[in-house]
Amino acid sequence: MAKWIIGLPKPVGVFACYDIRAQQVLDVCREEEMRVPEEVAVLGVDNDKLLCNLCYPPLSSIIPNAHRTGREAARLLEILMNGGDVDEERHLIQPRGIATRQFTDVLAIEDPDIATAVRFIRENACDGINVKDVLKQVPLTRRALELRFQNLLGRTQHQEIIRQRVERVKRLLMETDMPLKAIARTAHFEHEEYMSVVFRRSTGLPPGKYRQAHKR
């Protein structure tokens, strides 16, 4: 594995089949002094939280929809047990998302100033930052940052801050039983009602219905 990873062109992304294999990739990178994620970005599968957080750096991982997979397998088994036929085809189950952990998160943006700005927003969007705080991270004027940001990402810095807050709300709705008022406070929305308006505009669903459809 070490020989293979050393021979890959850098930077490179490695998509491992499951978290244990991804951990082995990270171990090789550490032994060979390859920088993660700058040279080698790694993504696992299963989101084994204990394993992912024991990795160094912490591992980002795809969250499979295990319950839906089990239900689909049971449905097919029932057909067979009742004498029916099941076509030999792949049944693709969409995952629930990606658990992105800070130190394995890498931005495929060639402009280093914009990459710095986006990373700062991702890490601090729910701490009450605004565009002025983003400007302090890069040696650019507000106009220059806005133009380059818009050209590369298709949205403004403010829109990216709101987008990251909405992503935080999605995760909290799916992974916790927190009331909407607490979620709004955690994602740094001033009011629950404003959060609901922004969330519905982004996803097409109010927070309550989104939770019903995606609760893990």
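Position 1 is the first residue of the sequence, and the numbers go up from there.
- In this structure, the side chains of R200 and Y210 stay at 4.5 Å or more apart for every pair of heavy atoms.
- S202 places no side-chain N or O within 3.5 Å of a backbone atom of V198 that could act as its donor or acceptor partner.
- For the pair N130 (side chain) and K132 (backbone), a donor-acceptor distance under 3.5 Å is present.
- By the 4.0 Å N-to-carboxylate-O rule, E160 lies close enough to R155 to be salt-bridged with it.
- By the ring pair (Phe, Tyr, Trp, His ring centres under 6.0 Å) test, F149 is found to be paired with no residue, residues two or more places apart in sequence or in another chain being considered.
- Every ring pair (Phe, Tyr, Trp, His ring centres under 6.0 Å) that Y194 has, sequence neighbours left out, goes to F189.
- Side-chain atoms of Q150 and E146 form no donor-acceptor pair, as typed in the model, at a separation below 3.5 Å.
- Shown here for C29 and I5, the closest heavy-atom pair between the two residues is SG-CG2, 4.4 Å.
- When all heavy atoms are compared, the tightest approach of Q159 to T156 is OE1-N, 2.8 Å.
- For residues 12-26, the side chain to side chain donor-acceptor pair (under 3.5 Å) pairs, not counting sequence neighbours, are D19-S61, R21-Q24.
- In this structure, E39 contributes its side chain and R35 its backbone to a donor-acceptor pair below 3.5 Å.
- Minimum heavy-atom separation, Q157 to R142: NE2-O, 4.4 Å.
- At distances below 3.5 Å, at least one donor-acceptor pair connects side-chain atoms of R211 with backbone N or O atoms of L173.
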